[in-house]
A.B. asks: 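Handing you a structure now.
First listed ligand is number 1; within each ligand, the first listed atom is number 1. These numbers were taken from a predicted model, which means no experiment stands behind them.
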Amino acid sequence: MKKTILLAALVINGLTSFAQSNDEKNIKLFYKKALTEAKCYTWLEYLSNDIGARLSGSPSAAQAVQYTKTQLESLGLDKVYLQEVMVPHWVRGEKETAYILDGKVKTVVPICALGASVATPKTGITAEVIEVQSIKELNELGEKVRGKIVFYNRPMNPENIGTFDSYSEAGDQRRIGAKEAAKFGAVGTLVRSLNLRLDDFPHAGNQSYGDLPKAQYIPCAAISTNGAELLSKTLKSNPGLKFYFKQSCETLPDVLSYNVIGELTGTVTPENIMVVGGHLDSWDLADGSHDDGAGVVQSMEVVRILKNLNYKPKNTIRVVLFMNEENGGKGGAKYEEVSKQKNENHIFALESDSGGFTPRGFSIEADDANFKKLQGYKDLFEPYLVHNFTKGHAGSDIEHLTSKTIVKAGLQPDSQRYFDYHHAANDKFDAINKRELELGAATMTSLIYLVDQNGITLPASN
Ligand SMILES: [Zn+2]
């Protein structure tokens with residue numbers, strides 16, 4: 001083991017002259033380190049199984065802050081600190097109940113309240129249901145939905161190969177469905193879970209009433225895909241059926257929470273900051289091992305590997321574990337706010353928030369010159385079957401960063417199974433494969449290293 005570390009230090013220190021071949025050697029070393037001695041899987045086991053679900057404002061979210069801070073401190077980084085941020089505090093309350101009333105036949109179906117939803121009256125709501133496929137269809141129905149439950153049932157499109165595309169195409173039903181239906185006097189909304197397969201898990205997620213007056217807020221819930229299929233089928237034979245649901249969620253006052261930050265200070269241009277991160281909060285139905293426990297521990301692994309190899313970064317490498325991505329984005333916004341106050345200069349940000357599956361590439365937000373530059377690294381990643389370098393959304397937490405010269409990337413793991421788990425009660429530690437998680441961490445370490453070594457291309461005017 002000692003021999004490996006010594007060789008590593010030699011390879012890394014002798015970087016400049018034989019750049020290409022040293023890059024290959026160093027990347028090989030990062031993958032070896034990740035696959036043989038990484039801590040990310042053990043960290044995730046603790047975060048998932050000992051701490052559990054980490055919705056913003058919950059005691060377990062606070063525990064996760066302390067745990068990750070302690071673990072970062074144990075790595076011997078140059079700085080580890082907490083950054084205060086006020087976060088929303090929504091609680092689910094009692095487990096929801098729901099059933100279809102088809103004449104005298106009562107069939108229970110799995111639902112979960114959507115984030116920021118209001119409760120139903122204590123006795124629940126019973127009403128007729130109108131099924132729609134889109135907000136456009138709702139608008140055409142207009143006043144016809146008054147007094148009824150609007151049921152959004154447009155499935156995620158199975159034809160897209162990138163499942164995140166299907167998620168964004170179907171997402172409006174969940175995000176603004178309740179707000180839009182309330183305008184026409186609907187008494188509640190149900191939305192088909194954003195899940196490509198048929199199963200019994202309702203999938204949580206945030207929604208917003210926008211600028212609707214509070215008195216007009218209506219309760220909204222997600223229904224499992226099997227539940228949605230059954231409801232739709234039963235509606236065809238009995239359009240007058242009734243649906244009952246009861247939920248007791250509420251929004252409490254905001255709570256003080258934290259982003260967790262660790263730093264390896266740059267040795268050449270410490271004023272240039274590179275961020276690597278994920279989000280520490282999760283939904284409340286499970287421990288969020290994929291979303292985003294994986295991204296948190298992979299980001300921690302990046303700095304662990306670099307520190308362990310005694311790597312001296314040119315730029316400051318900062319691991320940021322953002323709070324409150326799921327239901328507010330306050331952590332990302334606060335990080336940017338503080339960074340602006342301090343006049344910090346970010347050159348690069350890498351986020352992992354697409355699950356802990358086999359890494360396939362990066363989703364890149366950059367101008368053409370920098371996109372080309374990152375694409376130039378593709379050959380170095382091909383031996384690891386990481387080859388998908390595309391332009392696209394990099395990550396919700398780093399979305400807030402606005403430094404003029406910043407280049408952003410998101411780790412892109414294989415996305416085929418992600419929405420089987422996303423925001424649902426089965427997003428648990430046993431859904432994580434150790435090697436896949438480690439390969440992701442090595443992939444991230446390699447990109448951070450390459451950008452640190454080679455910098456980014458500044459616009460011509462600079
Ligand atoms: Zn996430």
Side-chain angles (χ1 to χ4, degrees), residues 40 44 47-48 51-58 60-61 64-65 68 85 87-88 90 114-116 162-168 170-171 174-175 193-195 201 203-207 222 257 259-260 275-300 319-333 335 349-357 359 362-363 392-401 408-415 417-429 431-432 436-437 440-441 444:
C40 52
L44 187 59
L47 206 55
S48 298
I51 296 178
R54 305 174 298 282
L55 188 59
S56 290
S58 65
S60 43
V65 165
T68 48
V85 54
V87 296
W90 177 84
L114 290 174
T163 62
F164 280 88
D165 294 336
S166 310
Y167 179 64
S168 20
R174 187 197 77 204
R175 286 193 314 271
S193 285
L194 298 175
N195 176 359
F201 294 102
H203 290 232
N206 217 27
Q207 64 86 32
S257 188
N259 291 327
V260 182
V275 163
V276 58
H279 64 87
L280 202 45
D281 63 310
S282 73
W283 275 103
D284 60 328
L285 297 173
D287 54 64
S289 286
H290 278 294
D291 187 12
D292 185 25
V296 163
V297 299
Q298 286 173 326
S299 302
M300 291 165 69
V319 54
V320 185
L321 313 178
F322 297 93
M323 184 51 72
N324 187 231
E325 187 274 340
E326 295 294 4
N327 60 339
K330 302 288 184 196
Y335 179 83
L350 170 63
E351 180 155 2
S352 168
D353 183 20
S354 301
F357 300 99
F362 298 100
S363 182
H393 181 67
S396 316
D397 295 292
I398 60 175
E399 192 176 283
H400 299 271
L401 293 173
K408 299 178 189 175
L411 180 71
Q412 258 198 326
D414 189 285
S415 72
R417 285 175 290 148
Y418 186 59
F419 292 96
D420 296 356
Y421 303 102
H422 186 244
H423 299 177
N426 58 343
D427 185 2
K428 299 202 297 203
F429 187 64
I432 297 284
E436 292 183 346
L437 183 76
M444 292 165 71

A.B. asks: Please tell me if the side chains of Leu47 and Arg54 come closer than 4.5 Å, counting only heavy atoms from C-beta onward.
C.D. replies: yes

A.B. asks: Which atom, counting only N, O or S, brings His279 closest to the Zn ion (ligand 1)?
C.D. replies: NE2

A.B. asks: Under 6.0 Å between ring centres, would you say that holds for His203 and Phe419?
C.D. replies: no

A.B. asks: For the Zn ion (ligand 1), decide whether Asp353 has an N, O or S atom at a distance under 2.8 Å.
C.D. replies: yes

A.B. asks: Examine Glu325 and say whether one of its N/O/S atoms is closer to the Zn ion (ligand 1) than 2.8 Å.
C.D. replies: no

A.B. asks: Checking side chain to side chain contact (heavy atoms under 4.5 Å, CB included) between Leu350 and each of Gln298, Met444, Lys408, which is the one that passes?
C.D. replies: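 Filter result, single survivor: Met444.
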
A.B. asks: If the plane angle is over 60° it's perpendicular, under 30° parallel, otherwise tilted; pick one for His290 and Phe357.
C.D. replies: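 Judged by the thresholds at 30° and 60°, the geometry between His290 and Phe357 is parallel.
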
A.B. asks: Restricting to N/O/S, name the atom of Asp291 that gets closest to the Zn ion (ligand 1).
C.D. replies: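 Nearest N/O/S atom of Asp291: OD1.
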
